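Taking it in order: structure first as structure tokens, then the write-up.
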Amino acid sequence: QVQLVESGGGLVQPGGSLRLSCETSGFTFSDYPMSWVRRAPGKGHEWVSSINSAGARTDYIASAKGRFTISRDNAKNTLYLQMNNLKPEDTGVYYCYKYARTGGYLPSKQLIEYDSWGKGTQVTVSS
């Protein structure tokens, strides 16, 4: 049974930092590209960042470039998102998503191509 459990969210002031984690089980984590997706209040799910299976290739939404860093520890079956210089518009629930296919490429940004996700962790950026 695939499980993804996010943690690390919280309330932070603008300019602050958070490190999100996603602990996984039930599948061979090192085989799959992964992504972070967020849902802002009153909006739909939005792709934020992706990483290939080996962790060598990454991609980010334009608003996150230079501030967020996605990474993974395949030995610990865990995905991370380091978020620095947080802004109020980063507020939302953050989910880790497992791509439906194995491979060393960057996954699609189309959420329909993912087959599992966690329950999310709330990030609130406010003064």
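These figures come from a predicted structure and were not determined experimentally.
- Looking at P107 and Y114, their side chains come closer than 4.5 Å, going by heavy atoms from C-beta outward.
- A distance of 9.5 Å separates CG in L81 from CG in L18, rounded to the nearest 0.5 Å.
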Given the rule in the side chain to side chain contact (heavy atoms under 4.5 Å, CB included) test, do Y95 and L4 qualify, once you have shown the distances and angles that lead to the verdict?
-> CA-CA 9 Å; Y95 305 87; L4 302 99; over 6 Å; no
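- Note that the CD1 atom of I70 and the OG atom of S35 stand 6.0 Å from one another [nearest 0.5 Å].
- R72 places no side-chain N or O within donor-acceptor distance of the main-chain N or O of G55, the cut-off being under 3.5 Å.
- A cation-pi arrangement is present between R19 and Y80 under the rule of less than 6.0 angstrom and at most 45 degrees off the ring axis.
- Here the side chains of F29 and L79 are in contact, with some heavy-atom distance below 4.5 Å.
- Note on V93: it clusters hydrophobically with W117, by side-chain heavy-atom contacts below 4.5 Å among ILVMFWY residues.
- Remark: side-chain polar atoms of T102 are not paired, donor with acceptor, to backbone N or O of Y32 under 3.5 angstrom.
- Using a 4.0 Å cut-off between charged side-chain N and carboxylate O, R101 and E113 make a salt bridge.
- Between S126 and L11, the closest side-chain pair of non-hydrogen atoms falls below 4.5 Å.
- Between R38 and the options T121, T91, D90, a side-chain hydrogen bond (donor to acceptor under 3.5 Å, both in side chains) holds for only D90.
- Side-chain atoms of T24 come within 3.5 Å of backbone atoms of N77 as a donor-acceptor pair (strictly under, hydrogens ignored).
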For D31 and S53, what are the C-alpha separation, side-chain angles and deciding distance, and is it a side-chain hydrogen bond (donor to acceptor under 3.5 Å, both in side chains)?
-> CA-CA 5 Å; D31 284 348; S53 58; over 6 Å; no
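- Under the 3.5 Å distance criterion, the side-chain polar atoms of Y99 are left unmatched by any main-chain donor or acceptor of N52.
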